Structures are given as structure tokens and as C-alpha cells.
Amino acid sequence: QVQLVESGGGLVQAGDSLRLSCAASEGTFSDYTMGWFRQVPGKEREVVAAISRAGGDTNYANSLKGRCTISRDNAKNTVYLRMDRLKPEDTAVYYCGARGALRPSALRSDYIYWGQGTQVTVSS
């Protein structure tokens, strides 16, 4: 079982950049594909980006493609999400998830382990 803790959220202005981190403990981090999701009240949790075990395969939600980059450092047991040119509609709680499969997935139901989330608020 892997434990996940997100950090790096906060209040930023539109157009700013932010880098979120998700640190994993317990288990073998490199055994898991990782995903970043976000959720606003009253809506489903949606994928932002996902990355394979070794980091060579990534995919992104269309709404954020070109504005965010997912990466991981298996030596540090950490996955990152950098977001640029942030917009007010990016305001959400951002979660990282882990799944013990070879390929990244955009489906929330494919992820087994979740962190508690980190709030990102983008002011206009």
C-alpha cells in the first residue's frame, strides 16, 4: 500500500504558474503509474494528467494540454504537476492517484490510492 501526500497548492493570480508535488511513502513507487486529478464541489473528479511507471508515457486532458507538464522522480518517490498560464477555471482541489498497472489511465476508477488533495485557487 502506498501513502500519498500532495503539496504546493495555494492562491495565485491568473497567468501565474504553479508546481504541485505528490510524495509517496510505503510500497515501491516505481511500481505505480500516477495520475493528477482535480475536483470542484458538485462535479466529478476529472483527470488532469497521467504518467507511466518510468515516466516515458504521459497523457493530458484536452483542457490543460499545452499548459501543464507531469513528471516524476522515482528516486525521490515524487510526482509533479507543473501548470502554467493558470486560469480561474483551474480552481479546484488537486489530487494524485496511484495504480499498479503498466499504462497510465484517465479513468478515476482505475486508481487505487489517493492523497488528501491540495487546494489551488486562481484569482482573476
Side-chain angles (χ1 to χ4, degrees):
Q1 183 170 340
V2 63
Q3 306 288 332
L4 303 172
V5 179
E6 302 94 337
S7 62
L11 174 62
V12 298
Q13 293 187 333
D16 285 351
S17 297
L18 203 61
R19 189 179 80 159
L20 306 181
S21 299
C22 171
S25 61
E26 309 293 334
T28 303
F29 182 64
S30 58
D31 284 349
Y32 296 94
T33 62
M34 301 297 295
W36 280 100
F37 288 71
R38 67 184 183 183
Q39 189 169 20
V40 298
K43 293 192 175 182
E44 294 291 320
R45 191 172 297 185
E46 64 176 6
V47 67
V48 175
I51 189 166
S52 60
R53 293 173 178 176
D57 186 13
T58 59
N59 55 48
Y60 297 92
N62 288 333
S63 60
L64 283 137
K65 194 173 292 184
R67 295 196 296 119
C68 71
T69 304
I70 188 171
S71 61
R72 66 189 295 163
D73 185 338
N74 285 347
K76 295 183 178 180
N77 293 345
T78 303
V79 61
Y80 305 98
L81 180 71
R82 178 179 172 87
M83 298 184 290
D84 298 312
R85 303 187 300 282
L86 283 161
K87 304 176 181 180
E89 51 263 44
D90 294 321
T91 295
V93 178
Y94 285 73
Y95 298 89
C96 67
R99 67 189 293 256
L102 185 60
R103 296 179 182 275
S105 171
L107 298 178
R108 174 187 178 179
S109 58
D110 283 345
Y111 290 79
I112 302 172
Y113 304 109
W114 294 95
Q116 293 301 305
T118 185
Q119 176 71 47
V120 172
T121 302
V122 184
S123 64
S124 57

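All figures in this text were calculated on a predicted structure; none of them were measured in a lab.
Grouped with L20 in one hydrophobic cluster are V2, L4, V12, L18, F29, Y32, M34, W36, V48, I51, Y60, L64, I70, V79, L81, M83, L86, Y94, I112, Y113, V120, V122, the linkage being side-chain heavy-atom contacts under 4.5 Å among Ile, Leu, Val, Met, Phe, Trp and Tyr residues.
Here the side chain of S63 pairs no donor or acceptor atom with the backbone of A61 at under 3.5 angstrom. Between the side chain of R108 and the main chain of G97, no donor-acceptor pair closer than 3.5 Å is present.
In this structure, the ring-ring contact (aromatic ring centres under 6.0 Å, His included) partners of F37, at least two apart in sequence or on a different chain, are Y111, W114. Partners of L107 under the side chain to side chain contact (heavy atoms under 4.5 Å, CB included) rule, at least two apart in sequence or in another chain, are S105, S109, D110.
Salt bridge annotation for D90-R38: present, with a cationic side-chain nitrogen under 4.0 angstrom from a carboxylate oxygen.
Once rounded to the nearest 0.5 Å, the distance linking CZ of R72 with OG of S21 reads 13.5 Å. To the nearest 0.5 angstrom, Q39 atom CD is 9.5 Å from E46 atom CD. Expressed to the nearest 0.5 Å, how far CZ of R53 lies from OG1 of T28 amounts to 10.5 Å. Atom CZ of residue R82 and atom CZ of residue R19 lie 8.5 Å apart, to the nearest 0.5 angstrom.
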Steps toward side-chain contact (heavy atoms from CB on, under 4.5 Å) verdict (Y80, T69) | CA-CA 8 Å; Y80 305 98; T69 304; over 6 Å; no

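Inter-residue side-chain proximity for E26 and Q3 is flagged as met; some heavy-atom pair is nearer than 4.5 Å. Within the 4.5 Å cutoff, the side chain of P104 has heavy atoms near those of the D57 side chain.
Nearest heavy-atom pair, S30 versus N74, reported as atom, atom and distance to 0.1 Å: CB-ND2, 3.7 Å. Taking every heavy atom of both residues into account, E6 and Q116 meet most closely at OE1-N, 3.0 Å.
D84 and S17 form a side-chain donor-acceptor contact under 3.5 Å, judged by distance and modelled atom types alone.
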